Q: 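One structure is given below, represented as C-alpha cells, and several questions about it will come after.
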Amino acid sequence: MALLAPAVWLLILLIADTLAEAYLDRRRAGSRTAQNRSAAVRAGLRGVAGVAGLTTVHSPETLVITGFAVLVSAQLGTVGLSLLRRRLAQYRTLPFITRNIDLAELRIPAPPGRMLMLFSAGMERCGSSAMAVAFAITAVTGSPHIAVCAAVTVLSGVGGSAAVLSTHVRRNQHLANRRSVIDVIRRQVVSFKPRLMLYALSHPSDRSHVAMWLPVLERLSIPSLIMMRDREISFLIDDDSFELDPPTCPLLVGSSFTDMRAVMPQNVGITFFPSGLMDNYLVAAHLDSSRLVLLGHGDSDKNSSASRADVLYDQVWVSGQVARERYLRAPFRLDQDRIVEIGRPQLAGLSTPRRQPRNAPSGMTVLYAPTWEAWSDENNYSSLTERGASIVQALLRHPAGLRVWFKPHPKTGYFSEEARRARDAIAKMLEAANAAPHSATPDRQHRTIIDTRRVIYEYFDEVDLLIADVSGVVSDFVATQRPFAMVNMTSCASDEFRARFPVATAAYIVGQNISDVGDFVDECTRSNSDDALADARRELADRLLGADYQDSFPRFEQAVIGLLNDRPS
C-alpha cells in the first residue's frame, strides 16, 4: 500500500495507525512481553512503509538508502535495549520476596530512573513510528530536514538509553549469583533464631489464611517466621506486588522449594500449617526435628475438615469440642491426645451487642458470603451458582430497606467458569441497585467486597445478619452472637441438615424455597418477637469455639508454650 498510495494519504494512514495502536494497547489484556514484541514488529513495518513512501515521489536513491539504514539501525538498537532491560530484570529478580529481613549485605543498587525505563520501553514503537511519519512528511514536502531531525533524535535516544542501561546492568551483576544471595538470606533467618514457623502457599486465599494468624503470632512475643511458596508471583525488586505485610515477623516467599529448603531453619520448635497441602509433606520431610501442627484456617463442617492426611501432623489444633467430635465420626483413627482445642484467638472482641436495635430494621446490613465451588462435587457446598442471584434479589427487594454486602470466596471461579460468571452477575446487580432512583444514600450503598487484605471476620462488626454456606465463615460469625442463616444445598430436610452439620443447629435455614430468605430477615427484624435461636447460638459458641470464645488467646499461648517445652531434646 505504501508503494501505491499517494504520499499524503500514506502520511495520514501512518499517523492514524500509530494513534490507534497506542489507544488499543491501553485496553489490551494479556502478556505484556508479547504485546511489546508485536508492537516492535508493527512499528518496524511502519518504518518500512515510510521508506517506501520516499520511493513513490522518486526521492534521490541516497535518501532512500540512508533512510533504510537509519531504520535498521534504530530497530537493532531497540532490540539491544530490550535485551539490556531483560538482563537487568533477571539480575534484579531475587529468589525470594522478603519482608522484615535485612538485605543490606546484598548491596542492591537503586533502580534505573522511571523516566528512563519508560522511555526505553516505548522506544520500539515510538522511535520507528516517529521516523515513519517523518519519512512520509519528507515524501510530501520534498524537504529532508524533518526526516534528519527525527533520525538524529531517535538514534541519540537509543544510544543514550543503551549507555545508561548498560551501567545499571553492570552495577546489578553481582545479584546474579543466586547461591550468594540465598546465603545472605539464610544467615539473616538464622540470626533471627525463630522458634515458630508458619508455612503456606501464596494464592490469595492462602494469604488470607496467613493474615488471620499473623496478629495472633504477634501477641505471642515468641520469634516467628512466615514462609510461603508461589510459583507465579514476580520477585522483581522494582515490581513487588505481594499484598501481605507482616508487622514485625520476617516473611519469605519463594518459588522453588529447593531454595526454600536452603534457608529454612532446622532448629525451629513448631511448624504451623494453616492448610492441609501436599507441600506440607515436603516441609515435614525436611524438618524432622520440628513439631508439626495443623493449625487450620477456621472450623468448618465440610468433609475436607477431617482428612486422612491429618495423621501426618504431631498435633491437630481445633477450635473446640465440635471439631473433636468430627474426628471421632471420621472413617479413620486420629488419637484424641493429638487433638488440641485452642479456640479461635483471632476472633477476640467480636462478641458484641447488636449494632442496631430490633425496632430499627432500616439500618440492617446483611452479608452474603458463599463459599467456593471446590475441586469436586463431593466437596462443593457453594450456593453461588444455583441460588446466589436469587438470594441477593430477595434481599434487595425486602421492604426493610436492607444494605446488602456480597463477599465471594477468594477462590471463586478457580475451577468453575460458571461460578465466576455468577459472581460477576451479582456484582453488577448490586451496582445497578446503587444506581437506581431512590437508591441508598452513599453511606448505605450495597457493596461487593473484593479486598484481599482484610480477612472476612474483620467485616463482622459492620454487619447485622449473615447468609452463608457450610463453611468456616458461619463458625466464626457465631462469636458475634448475631443471627445467621445457612443455605441448604443438599437434598436433606432442615432437621436432617442440622443433624449432619452441627453448626446449623443455631442457624436459620435457607432451602430451595427462596422465600426462606425473607422469612429469615423478618424473624430478625420484628420488634415484638424474640430471637428464637439466641440460646442455641450461645450453646453452640461454647461447644464450637470454647467457653472463652470472647478471647481464647491465653489458651492458644498455653498450647504453644506447652508444645515447645515438650519438644524432644
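Just so you know, these numbers come straight off a predicted model, no measurement behind them.
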Q: Sequence neighbours excluded, which residues qualify as salt bridge (charged side-chain N to carboxylate O under 4.0 Å, His left out) partners of Arg498?
A: none
Q: Minimum heavy-atom separation for Leu294 to Phe273, with atom names?
A: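 Leu294 and Phe273 have their closest heavy atoms at CD1-O, 3.5 Å.
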Q: Could you go through Glu462 and Arg454, starting from their C-alpha distance and side-chain angles, then the distance that decides it, and tell me whether this counts as salt bridge (charged side-chain N to carboxylate O under 4.0 Å, His left out)?
A: CA-CA 13 Å; Glu462 304 173 55; Arg454 293 181 67 187; 3.2 Å; yes
Q: Cation-pi between Arg229 and Phe257: NZ/CZ under 6.0 Å from ring centre and within 45° of the ring axis?
A: no
Q: What pair of heavy atoms forms the shortest contact from Phe497 to Thr490, and how long is it?
A: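 For Phe497 versus Thr490, the nearest heavy atoms are CD1-OG1, 3.9 Å.
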Q: Is a side-chain donor or acceptor of Ser275 paired with a backbone partner of Leu277 at a separation under 3.5 angstrom?
A: no
Q: Does anything in residues 418-431 form a side-chain hydrogen bond (donor to acceptor under 3.5 Å, both in side chains)? List the pairs, not counting sequence neighbours.
A: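 Matches after skipping sequence neighbours: Glu417-Arg420.
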Q: Start with the C-alpha gap between Tyr508 and Asp516, add the side-chain angles, then the distance that decides, and say whether side-chain hydrogen bond (donor to acceptor under 3.5 Å, both in side chains) holds.
A: CA-CA 9 Å; Tyr508 294 88; Asp516 292 341; over 6 Å; no
Q: Would you give me the side-chain donor-acceptor pairs under 3.5 Å for residues 391-401, sequence neighbours excluded?
A:
from	atom 1	to	atom 2	distance (Å)
His398	ND1	Ala400	N	3.0
His398	NE2	Asp522	OD1	2.7

Q: Under 30°, 30 to 60°, or over 60°: which ring-plane class applies to Tyr368 and Phe406, parallel, tilted or perpendicular?
A: parallel
Q: Looking at Asp335 and Arg333, does any basic side-chain N land under 4.0 Å from a carboxylate oxygen?
A: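 Looking at Arg333 together with Asp335, the answer is yes, because their closest N to O distance falls below 4.0 Å.
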Q: side-chain hydrogen bond (donor to acceptor under 3.5 Å, both in side chains) for Gln336 and Arg324? Distances and angles first, verdict last.
A: CA-CA 8 Å; Gln336 288 294 295; Arg324 181 181 292 276; 3.1 Å; yes
Q: Using a 4.5 Å cut-off on heavy atoms from C-beta on, say whether the side chain of Phe484 contacts that of Val478.
A: yes
Q: Taking the side chain from Asp259 and the backbone from Pro95, do they hold a donor-acceptor pair closer than 3.5 Å?
A: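 Looks like no, no N/O pair under 3.5 Å.
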Q: When rounded to the nearest 0.5 angstrom, what distance separates CD1 in Ile222 from CZ in Arg195?
A: 6.0 Å
Q: Taking side chain to side chain contact (heavy atoms under 4.5 Å, CB included) as the test, write out the residues that go with Gln512, two or more places apart.
A: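 Side chain to side chain contact (heavy atoms under 4.5 Å, CB included) check on Gln512 returns Arg387.
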Q: Is the number of heavy atoms from other residues, nucleotides or ligands under 6.0 Å of Glu386 CD greater than 12?
A: no
Q: Please report the closest heavy-atom contact between Glu218 and Cys249, naming both atoms and the distance.
A: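 The pair with the smallest heavy-atom distance is OE2-SG, 3.1 Å.
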Q: Measure the acute angle between the ring planes of Trp372 and His409, then classify it against the limits of 30° and 60° as parallel, tilted or perpendicular.
A: parallel
Q: Only counting residues at least two apart or in another chain, list the ones meeting side chain to side chain donor-acceptor pair (under 3.5 Å) with Trp213.
A: none
Q: Kindly determine whether Asp476 and Ile456 satisfy side-chain contact (heavy atoms from CB on, under 4.5 Å), including the steps that lead there.
A: CA-CA 9 Å; Asp476 283 351; Ile456 187 169; 5.6 Å; no
Q: Show me the pairs that pass side-chain hydrogen bond (donor to acceptor under 3.5 Å, both in side chains) and involve residues 533-544, at least two apart or across chains.
A: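 Sorted result for residues 533-544: Glu325-Arg543, Asp531-Arg537, Asp535-Arg538.
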Q: Yes or no on ring pair (Phe, Tyr, Trp, His ring centres under 6.0 Å) for Phe460 and Phe477, after CA distance, side-chain angles and deciding distance?
A: CA-CA 7 Å; Phe460 286 173; Phe477 195 76; 5.0 Å; yes
Q: Check the pair Asn488, Val510 against side-chain contact (heavy atoms from CB on, under 4.5 Å), reporting the backbone distance first and the verdict last.
A: CA-CA 6 Å; Asn488 179 3; Val510 174; over 6 Å; no
Q: Would a distance-only check, ignoring hydrogens and angles, find a side-chain to backbone donor-acceptor pair under 3.5 Å from Glu341 to Val318?
A: no
Q: Atom CZ of residue position Phe192 - does it have more than 12 heavy atoms of other residues, nucleotides or ligands inside 6.0 Å?
A: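 Yes.
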Q: Okay, side chain of Glu373, backbone of Thr412: is any donor-acceptor separation there less than 3.5 Å?
A: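 Between the backbone of Thr412 and the side chain of Glu373 there is no qualifying donor-acceptor contact (under 3.5 Å).
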Q: Does the distance from a Lys or Arg side-chain N to an Asp or Glu carboxylate O, for Arg291 and Asp566, drop under 4.0 Å?
A: yes
Q: Under 6.0 Å from the CD1 atom of Ile450, do we count more than 12 heavy atoms belonging to anything else shown?
A: no
Q: With a 3.5 Å distance limit and no angle check, can you tell me whether Asn565 reaches the backbone of Ile561 through a side-chain donor-acceptor pair?
A: yes
Q: Testing the basics here: between Ile342 and Ser552, what is the closest heavy-atom pair and its distance to 0.1 Å?
A: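 Minimum heavy-atom contact is O-OG, 3.4 Å.
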Q: Just do the salt bridge (charged side-chain N to carboxylate O under 4.0 Å, His left out) check on Arg482 and Asp464 with the steps written out, would you?
A: CA-CA 7 Å; Arg482 300 181 193 130; Asp464 302 284; 5.6 Å; no
Q: How about Phe96 and Phe235: are their ring centroids closer than 6.0 Å?
A: no
Q: How long is the span from the CD1 atom in Ile226 to the CG atom in Leu198, to the nearest 0.5 Å?
A: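 So the gap between those two atoms works out to 4.5 Å.
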Q: Going through the checks in order, is the side-chain contact (heavy atoms from CB on, under 4.5 Å) test met by Met212 and Tyr457?
A: CA-CA 9 Å; Met212 72 170 53; Tyr457 56 72; 3.3 Å; yes
Q: Taking the six-membered ring of Phe553 (Phe, Tyr or Trp), confirm whether the NZ or CZ of Arg219 is under 6.0 Å from its centre and within 45° of its axis.
A: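 Cation-pi check for Arg219 and Phe553: passes.
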Q: Are Thr271 and Ser290 close enough, and set up right, to give a side-chain hydrogen bond (donor to acceptor under 3.5 Å, both in side chains), and what steps lead you there?
A: CA-CA 6 Å; Thr271 302; Ser290 177; 2.8 Å; yes
Q: Please report the shortest heavy-atom distance between Ala284 and Leu312, naming the atom on each side.
A: CB-CD1, 4.0 Å
Q: Taking the inter-plane angle between the rings of His209 and His297 on a 0 to 90° scale, is it parallel (under 30°), tilted (30 to 60°) or perpendicular (over 60°)?
A: parallel
Q: Can you tell whether the side chains of Arg326 and Asp301 come within less than 4.0 Å, N to carboxylate O?
A: yes
Q: Any side-chain to backbone donor/acceptor pair from Ser475 onto Asp299? Under 3.5 Å, distance only.
A: yes
Q: So, are Glu458 and Lys407 salt-bridged, with charged N and O less than 4.0 Å apart?
A: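 No salt bridge links Glu458 with Lys407.
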Q: Step by step, would you call Ile270 with Leu564 a side-chain contact (heavy atoms from CB on, under 4.5 Å)?
A: CA-CA 7 Å; Ile270 303 175; Leu564 284 174; 3.7 Å; yes
Q: When rounded to the nearest 0.5 angstrom, what distance separates CD in Gln550 from CD in Gln481?
A: 8.5 Å
Q: Pair Thr371, Asp469 - check side-chain hydrogen bond (donor to acceptor under 3.5 Å, both in side chains), show working.
A: CA-CA 6 Å; Thr371 190; Asp469 304 324; 5.6 Å; no
Q: Do Ser307 side-chain atoms and Ser304 backbone N/O form a donor-acceptor pair below 3.5 Å?
A: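 Pair absent, no side-chain N/O of Ser307 close to backbone of Ser304.
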Q: Could you tell me if Ser515 and Asn513 have a donor-acceptor pair between their side chains, going purely by distance under 3.5 Å?
A: yes
Q: So, does Arg338 use its side chain to make a donor-acceptor pair with the main chain of Gln315 at under 3.5 Å?
A: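 Not confirmed, Arg338 side chain does not pair with Gln315 backbone.
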Q: Quick one: closest heavy-atom pair of Val253 and Leu251, and the distance?
A: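 Of all heavy-atom pairs spanning Val253 and Leu251, the closest is CG2-CD2, 3.4 Å.
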